[in-house]
2 protein chains.
Amino acid sequence: MRRRLPPLNALLAFEAAARHENLTRAARDLDVAQPAITRHVANLEDWVGSDLFHRSGNAVALTPLGHELTRDIAVAFDRLELAFARIARTRQNELLIGASFGITHLWLMPQITALRDAAGGAAINFVTSERYADFEREPVDLSIRFGTGDWPGKRADLLFTEKTSIIASPEFVTRHPELSQPDPTPHLRAEWLLEHGDPHGYGWMTWQRWFAHHGVPDPVGGDLPGVANYPTLLDMVRCGEGIALGYEGLDDALVEGGQIMRVGRTVHRPGLGYYLLSDAGGGVSPRVDELRGFLTGSAGGVREGG
Amino acid sequence: MRRRLPPLNALLAFEAAARHENLTRAARDLDVAQPAITRHVANLEDWVGSDLFHRSGNAVALTPLGHELTRDIAVAFDRLELAFARIARTRQNELLIGASFGITHLWLMPQITALRDAAGGAAINFVTSERYADFEREPVDLSIRFGTGDWPGKRADLLFTEKTSIIASPEFVTRHPELSQPDPTPHLRAEWLLEHGDPHGYGWMTWQRWFAHHGVPDPVGGDLPGVANYPTLLDMVRCGEGIALGYEGLDDALVEGGQIMRVGRTVHRPGLGYYLLSDAGGGVSPRVDELRGFLTGSAGGVREGG
DNA sequence: TCTTAGCATAAACTAAATTTATGGCAGAAT
DNA sequence: ATTCTGCCATAAATTTAGTTTATGCTAAGA
């Protein structure tokens with residue numbers, strides 16, 4: 001198994017040149033003289049066998065091929081940077097966890113003390129974002145994501161499977177008796193619906209999907225304006241501003257406290273749920289293993305379909 | 001935005017050394033003398049600030065840190081290799097599509113001629129595997145995967161949302177009248193059930209999930225032995241060897257031909273489905289764009305919830 | 001037309017990578 | 001025990017790849 005790779009330093013120079021679309025600036029960026037870049041780029045073009053830049057006298061512009069390569073090279077370099085950034089943090093006994101606002105505030109924060117204990121002295125930091133792609137850009141040791149469990153190259157441990165139901169404040173339900181029917185879905189009105197923002201790409205349950213699943217025509221024409229994060233959404237429901245889709249595991253505290261209630265039948269989409277992602281290899285930092293064990297245990301050791 | 005990366009050639013040497021856990025063989029692998037490797041590894045260890053190998057006189061063994069780094073570095077190099085492999089194929093006017101056996105045989109092959117036309121002269125090749133992770137190891141231009149649409153760094157176009165139902169041969173149904181009931185799920189017997197192999201990780205509908213979704217106790221204790229691929233599964237159902245879960249879009253031909261029939265209610269898990277994956281940047285090869293356009297169109301231009 | 005920004009080329013130079021040569025350590029074989 | 005073998009480390013010599021300095025050319029803008 002012998003690798004077939006171009007000269008790596010040429011890649012570095014090319015990537016910088018592509019980033020700036022300007023060889024001189026790339027040279028400044030990398031702290032070398034301009035002809036060094038010229039040479040590296042020419043070298044790479046030679047290796048590839050095609051031009052990566054169009055030349056027009058005093059300027060360069062990426063060819064389509066150059067564009068494609070740049071993306072792939074940048075991704076590879078990003079990975080390397082991340083890997084080294086993460087081990088640097090590990091040696092400082094820090095742990096970074098990535099999760100959405102909802103998971104962070106509604107599930108991680110309430111058990112923060114136990115979490116710190118489980119991490120055995122490591123400092124735990126969070127990076128919260130509604131865009132899971134962001135976790136690929138941070139040196140996270142663990143992250144929590146919604147999906148099917150299919151993340152190539154990652155270990156994925158199931159935390160909870162998705163179980164959703166309509167949630168509303170008790171006042172809202174008494175004001176609208178149709179919500180107390182066995183299946184309130186056909187009676188929902190567009191103006192009641194509150195949505196968690198831009199979740200289509202992750203397969204989260206949306207109102208659109210809710211109606212599709214129930215075979216009921218969607219009372220909303222297109223997309224609903226989304227609330228920025230899930231805790232805010234729950235707050236709005238609590239205050240009676242409308243109804244939303246509640247996730248078991250995230251709305252439990254409010255339900256048990258009687259501030260919101262679930263109406264109608266709970267929908268279970270088995271195969272979908274929140275997963276705890278970590279590095280596939282495992283065994284790197286015992287801290288990570290401990291924390292993973294604690295978190296999966298804390299989720300109730302839920303098994304699929306359970 | 002200045003990158004903070006270790007000397008790249010040192011990474012190359014280290015990765016080879018780690019792969020072999022033997023500096024001498026790494027040197028042979030890279031066609032250099034052994035001390036070159038020693039030097040590079042020492043160099044990298046210096047940069048990182050920790051040992052990556054344990055030394056014991058005449059042998060080396062990776063430290064945990066070394067292991068972790070190796071994985072990450074290898075992934076990054078794999079990406080680079082793939083990127084260059086792909087552009088090499090592109091220049092030979094070849095297109096590579098990755099898909100499961102089921103998708104390949106039941107959906108792509110029947111429209112192969114149109115496909116070739118859409119690709120405008122490019123040679124189309126397929127890599128079929130039931131393990132989606134394999135597509136990360138091949139220089140595919142397009143791939144078809146089941147999931148939520150959340151693939152960071154990739155463009156994902158929805159082909160079909162998941163709609164599943166129980167399928168059986170007409171003979172099987174007449175032999176077992178309970179299958180003709182409005183909801184046959186509670187009456188299914190464990191010995192009838194045929195399963196598509198090892199699909200848990202992708203969120204595919206399995207019998208376990210089917211029963212969980214219907215709130216019916218699973219008649220099977222644990223896992224069912226899986227049939228290796230979906231076309232075979234359909235064949236077995238057609239021959240009356242049992243019943244299975246049929247995917248709309250894949251079993252259509254057999255259903256329309258009357259060789260199998262769907263019984264009971266179709267389950268729609270909106271948010272899950274087959275997606276066409278391509279490079280996020282786009283615009284690289286016009287062939288790819290054309291083919292993507294053709295395929296999404298061929299899937300009926302299904303929109304979510306439709 | 002002149003100026004400016006930017007790339008290419010050539011030749012000189014430098015530093016980094018590599019090799020050759022050698023020594024030492026550990027485990028296997030005698 | 002002793003020898004042999006495989007393997008890593010170190011040092012000094014050497015090569016090559018990367019880099020710089022110097023310069024010329026091109027196109028766009030003042």
Side-chain angles (χ1 to χ4, degrees), chain A residues 2-63 65-67 69-70 73 77 80, chain B residues 2-63 65-67 69-70 73 77 80:
Chain A
R2 176 90 153 281
R3 293 195 176 276
R4 177 146 186 78
L5 286 172
L8 296 178
N9 290 328
L11 292 187
L12 204 59
F14 167 70
E15 195 265 344
R19 197 144 31 86
H20 296 282
E21 286 216 325
N22 179 317
L23 306 200
T24 307
R25 253 177 263 165
R28 272 200 283 273
D29 189 343
L30 298 182
D31 255 330
V32 295
Q34 168 257 313
I37 306 291
T38 302
R39 210 172 183 297
H40 275 307
V41 169
N43 194 1
L44 185 61
E45 287 180 319
D46 208 49
W47 194 91
V48 170
S50 325
D51 282 359
L52 303 176
F53 284 108
H54 291 299
R55 271 84 167 172
S56 75
N58 70 342
V60 291
L62 282 167
T63 60
L65 190 66
H67 255 117
L69 265 185
T70 304
I73 295 171
F77 283 161
L80 286 178
Chain B
R2 176 92 153 281
R3 293 194 176 277
R4 175 147 189 77
L5 287 171
L8 296 178
N9 289 327
L11 292 186
L12 202 60
F14 168 70
E15 196 266 344
R19 196 144 32 83
H20 295 282
E21 285 217 325
N22 179 318
L23 306 200
T24 306
R25 254 178 263 165
R28 272 200 284 274
D29 189 342
L30 298 182
D31 256 328
V32 294
Q34 167 258 313
I37 306 292
T38 302
R39 209 172 183 299
H40 274 308
V41 170
N43 194 0
L44 185 60
E45 287 179 319
D46 209 48
W47 194 91
V48 170
S50 327
D51 282 359
L52 302 174
F53 283 109
H54 291 299
R55 270 83 167 175
S56 75
N58 70 340
V60 291
L62 281 167
T63 60
L65 189 68
H67 255 116
L69 264 185
T70 303
I73 294 170
F77 282 162
L80 286 178

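Since the structure is predicted, the reported quantities are computational estimates derived from the model, not experimental observations. Just so you know, these numbers use all the heavy atoms, side chains as well, and skip hydrogens, waters and symmetry mates.
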Whole Å only: how far is the CG atom of B:N22 from the P atom of D:dA9? 11 Å
Which residues pass the side-chain hydrogen bond (donor to acceptor under 3.5 Å, both in side chains) test with B:S50, sequence neighbours left out? A:R91
Rounded to the nearest 0.5 Å, what separation is found between the CG atom of B:N9 and the CG atom of A:N9? 5.0 Å
Between B:D51 and B:H54, is there a donor-acceptor pair closer than 3.5 Å when you use the side chain of the first and the backbone of the second? no
How long is the line joining CG of A:L12 and P of D:dT19, in whole Å? 9 Å
Interatomic distance, B:R39 CZ vs D:dT15 C1' [rounded to whole Å]: 13 Å
Non-hydrogen side-chain atoms of A:P7 and A:N43 separated by less than 4.5 Å: yes
In whole angstrom, give the distance that lies between atom CD of A:Q34 and atom P of C:dG6. 10 Å
Could you tell me the separation between the CG atom of B:L8 and the P atom of D:dG18, rounded to a whole number of Å? 11 Å
Which ones in residues 40-55 of chain A lie close to DNA chain D, meaning a heavy atom under 4.0 Å from one of its atoms? A:H40
Sugar-phosphate only, base, or nothing, as touched by A:P35 at under 4.0 Å among non-hydrogen atoms: base
Restricting to salt bridge (Lys or Arg N to Asp or Glu O under 4.0 Å), what partner residues turn up for B:R55, sequence neighbours left out? B:E45
Double-helix bend of the helix from C:dT1-D:dA30 to C:dT30-D:dA1, axes at both ends from 5 pairs, round to 10°, gives 20°
Side-chain contact check for A:L23: nearest option of D:dC8, D:dT19, C:dC7 is C:dC7
What heavy-atom pair brings A:L11 and B:L80 nearest, and what distance separates the two atoms? CD1-CD1, 3.8 Å
Please report the closest heavy-atom contact between B:L30 and B:A13, naming both atoms and the distance. CD1-CA, 3.8 Å
Which part of the nucleic acid does B:N9 contact within heavy-atom distance under 4.0 Å: base, sugar-phosphate only, or nothing? nothing
Would you call A:D29 and A:R19 a salt bridge, taking side-chain N to carboxylate O under 4.0 Å as the test? yes
Taking only side-chain N and O atoms of B:T24, does any of them lie within less than 4.0 angstrom of OP1 or OP2 on D:dC7? no
For B:L62, the side-chain contact (heavy atoms from CB on, under 4.5 Å) test, sequence neighbours excluded, returns B:F14, B:A18, B:E21, B:F53, B:H67, B:T70
Going 5' to 3' along nucleotides 25-30 of chain D, which nucleotides have protein heavy atoms under 4.0 Å from the base (write B), which only from the sugar-phosphate (write S), and which from neither (write -)? -BB---
What pairs of donor and acceptor atoms, side-chain ones from residues 32-41 of chain B against any protein atom, are under 3.5 angstrom apart with sequence neighbours left out?
from, atom 1, to, atom 2, distance (Å)
B:Q34, NE2, B:T38, OG1, 3.0

Nearest-angstrom distance from the residue atom CZ of A:R28 to P of D:dT19: 17 Å
Minimum heavy-atom separation for A:F77 to A:L12, with atom names? CE1-CD1, 3.6 Å
